[in-house]
2 protein chains.
Amino acid sequence: MNLKELSSLLGLSQTTVSRALNGYPEVSEKTRARVIQAAEAHAYSPNTRAQGLATGHSKCIGHVISVSDSAEMVNPIFGDFMAGAGETYSAHGYDMMVTRVGAQDEADTYRNLKARGAVDGIVVHAPRRNDSRMELLDKIGLPYVVHGRSTGVTTPYSWLDVNNTRAFSEATSHLVGLGHKRIALINGQETMDFAIRRRSGYESSLRFAGLTIDPALMSTGEMTEAYGYNQANTMLDLDTPPTAFLVASIICAAGIRRALDERGLRVGRDVSIVTFDDCLSYFANGGDRPVFTAWQSSVREAGATLAEMLIDRIRAPRAPHDTKLWEAAFVEGTSTGPAPSKD
Amino acid sequence: MNLKELSSLLGLSQTTVSRALNGYPEVSEKTRARVIQAAEAHAYSPNTRAQGLATGHSKCIGHVISVSDSAEMVNPIFGDFMAGAGETYSAHGYDMMVTRVGAQDEADTYRNLKARGAVDGIVVHAPRRNDSRMELLDKIGLPYVVHGRSTGVTTPYSWLDVNNTRAFSEATSHLVGLGHKRIALINGQETMDFAIRRRSGYESSLRFAGLTIDPALMSTGEMTEAYGYNQANTMLDLDTPPTAFLVASIICAAGIRRALDERGLRVGRDVSIVTFDDCLSYFANGGDRPVFTAWQSSVREAGATLAEMLIDRIRAPRAPHDTKLWEAAFVEGTSTGPAPSKD
DNA sequence: GCGACATTCCAAAGCGCTTTGACAAATGTG
DNA sequence: CACATTTGTCAAAGCGCTTTGGAATGTCGC
């Protein structure tokens, strides 16, 4: 069923039917009702491609997922982010397109998406320091919003970020307040801007507390369970092992917990853990007494909000940029306690 | 830059340029080379929508993600599956569209996707018993492949599934062989076909071993970490608690491990765990000695293969259906051991 | 030198929609 | 009742591509 058929069925012109369905005022309410009813009866939905060709926009949002070359890691927050964004998109009649790409073809992918007119806008994921994507997207004129920020990029852009510096600074202070002096940082990949901010929050709090910053207690890598496990083991084997771990993701924290359990160390008594928590739906850290003491911020809500921001941006590409800095929430779980006294 | 501009730039007709780029033989190699070079120089990519309108297909694959109404769970395998499928799609010039939908609007979503001509085919995720989607898709004529199978659906369809029955039957036998008599099943939602098969594999092995099937040792639910934790705690509080857990996902298994650790029970000695493992990139169960004894099958590879199958299907919609039953691989980890002797 | 046959290219139609500009019909105004 | 205005509708153009059905041009054998 297409417009032509539907309109001849109704004895109306394509123009009138199209206008009736798209809510234009030039058509009488009586006709409109008749058209809408017929459209529903025949399950008519305008052909997306034809509509897009005629209007000049695709009503589709792109998400480019860079899969790192080294490890073939898929970011575990991906699903929840998409779920949040997807809800917003469908509410506004947008489709969602996902493109997987190796890091080196990144720029080409963006250019291609624009040239083909495949999407009206995109969400930039996992910004790096001095990320070149914003400049590229500005140049080619593809609207975008950024999930996170990029230190070093001076031209304005729209973003939503969690206050990572503060979360990690406060988390460190919290541990310091509990008497911990050897606090390890199990960070994400420090090519990522958020990881750099997290480290800087951690370092500034250590410095403030007059504690030394020990490179042996800092690690950076892809936030898998195994990475947490391995790093914890390495650090616990040090001559002066850490008494607390500050961790970039709950998946990682699970790995650290495993290492501790295996060594017979009691989490929250022998060794403390504070983690950042993206509120993943399959790894909830909630309840009366959450497992992990954590700074949390829902990646799903971030997805929904960024989607909203992007749609606004597509509607008004010249509007001033919108930026949102969300504060993570602190929840105290069972994974922290006073530093064990040395005997 | 569009076809019209490019062709006038080259002093050729649109026909010739189009044919040159699409590899038709009616154009001399000399001209073709010239055209291709110009196209690259001007970063020309045909407009997707126009191309789709003219050819009648969208070169786009749909993935409909049903988000359960109860819990707002996003399946943790989603990201890895997409990564696998995405690779195949881009290799074949297909885009990937993701639609998030609540369970009740499911049928409408499929119909709409077809009516709008938004996708050329779709992947059916998480089939239920007597799943109605295959019949619907056959009726509306939208090519599809199924990730899993649906008991009760008699019309043929293309699918790829892991031999869940066998994996869970063997896993149970393995535990029985180690002397376990009280083996718990922490299953996924038993509205899902795969969960039903897993249970049946488990039950048949118990029956074969002459062990009683105790409903108190079987649970079904969404496979989150917290679910595993809660179920383990409930069952360990029974008068005659299980000595082994058979688990549907590694995320769940992590929750069970947490419950055990918390109770001071040693995994693999006091209580055994066997889990199904989808080889999630952020929760790898590998190395010399894997953490969990597991039956594993890569969901990422499943994604890549299903994508391939779907593309074939789109090319030849009347071809006989392709079905693939993959056997999961057994890996022995540290999470299993002989049943503790009663004293 | 001429018909036969490839080879190489093109004009134009068509995909299904939106939108412009025009035109009847209905309504209001003096 | 003549005229201006609004209302409701339509035919046709255009979005950027593919593809059909020719039409030139070149090559060859006789």
> How would you list, by chain and number, every residue that makes a side chain to side chain contact (heavy atoms under 4.5 Å, CB included) with A:Asn75, sequence neighbours excluded?
Replying inline: A:Ile77

> Step by step, would you call B:Leu136 with B:Arg111 a side-chain contact (heavy atoms from CB on, under 4.5 Å)?
Replying inline: CA-CA 8 Å; B:Leu136 171 68; B:Arg111 258 191 275 266; 3.4 Å; yes

> Listed in order of residue number, which residues of residues 33-55 of chain B have a non-hydrogen atom at under 4.0 Å from DNA chain C?
Replying inline: B:Leu53, B:Ala54

> Which letters describe nucleotides 4-12 of chain C, given B = protein heavy atom under 4.0 Å from base, S = only from sugar-phosphate, - = neither?
Replying inline: ----BBBBB

> Minimum heavy-atom separation for A:Ile122 to A:Leu142, with atom names?
Replying inline: CG2-CD2, 3.9 Å

> Which heavy-atom pair separates A:Ala319 from A:Arg313 by the least distance, and what is that distance?
Replying inline: O-NH1, 3.3 Å

> First and last nucleotide of DNA chain D touching chain A, 5' to 3', heavy-atom cut-off 4.0 Å?
Replying inline: D:dG8 to D:dG16

> Is there any ring-ring contact (aromatic ring centres under 6.0 Å, His included) pair reaching into residues 83-142 of chain A, and which pairs are they, with sequence neighbours excluded?
Replying inline: A:His63-A:Tyr89, A:His63-A:His125, A:Phe81-A:His125

> Got a sec, which pairs hit ring-ring contact (aromatic ring centres under 6.0 Å, His included) with one end in residues 24-56 of chain B, sequence neighbours left out?
Replying inline: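 Checked against ring-ring contact (aromatic ring centres under 6.0 Å, His included) - neighbours excluded - no pair reaches residues 24-56 of chain B.
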
> Within a radius of less than 6.0 Å around CD of B:Gln37, do more than 12 heavy atoms belonging to other residues, nucleotides or ligands occur?
Replying inline: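 Atom CD in B:Gln37 is not crowded, with 12 or fewer foreign heavy atoms closer than 6.0 Å.
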
What pairs of donor and acceptor atoms, side-chain ones from residues 2-10 of chain B against any protein atom, are under 3.5 angstrom apart with sequence neighbours left out?
{"unit_1": "B:Asn2", "atom_1": "OD1", "unit_2": "B:Lys4", "atom_2": "N", "d": "3.4"}
{"unit_1": "B:Asn2", "atom_1": "OD1", "unit_2": "B:Glu5", "atom_2": "N", "d": "3.0"}
{"unit_1": "B:Ser7", "atom_1": "OG", "unit_2": "B:Leu3", "atom_2": "O", "d": "2.7"}
{"unit_1": "B:Ser7", "atom_1": "OG", "unit_2": "B:Lys4", "atom_2": "O", "d": "3.0"}
{"unit_1": "B:Ser8", "atom_1": "OG", "unit_2": "B:Glu5", "atom_2": "O", "d": "3.1"}

>> Show me the pairs that pass salt bridge (charged side-chain N to carboxylate O under 4.0 Å, His left out) and involve residues 132-152 of chain B, at least two apart or across chains.
In response: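 Listed once each, the pairs are B:Glu106-B:Arg133, B:Asp131-B:Arg133, B:Arg149-B:Asp161.
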
For the [atom1] atom of [X] and the [atom2] atom of [Y], what is their distance to the nearest 0.5 Å?
X: A:Leu310; Y: A:Leu160; atom1: CG; atom2: CG; result: 12.5 Å
X: B:Asn130; Y: B:Ser150; atom1: CG; atom2: OG; result: 6.0 Å
X: B:Arg116; Y: A:Gln51; atom1: CZ; atom2: CD; result: 8.5 Å
X: B:Asp108; Y: A:Ser45; atom1: CG; atom2: OG; result: 9.5 Å

> side-chain hydrogen bond (donor to acceptor under 3.5 Å, both in side chains) with A:Asp193: which residues, sequence neighbours excluded?
Replying inline: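 Residues passing side-chain hydrogen bond (donor to acceptor under 3.5 Å, both in side chains) with A:Asp193: A:Thr151, A:Arg197.
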
>> So, using side-chain hydrogen bond (donor to acceptor under 3.5 Å, both in side chains) as the criterion, who are the partners of A:Thr31 when residues are at least two apart?
In response: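 With sequence neighbours excluded, A:Thr31 shows a side-chain hydrogen bond (donor to acceptor under 3.5 Å, both in side chains) to A:Ser28, given in chain and number order.
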
> At how many degrees, to 10°, do the end axes of the helix from C:dG1-D:dC30 to C:dG30-D:dC1 meet when each uses five pairs?
Replying inline: 50°

Interface polar pairs with nucleotides 25-27 of chain C, N/O, under 3.5 angstrom:
none

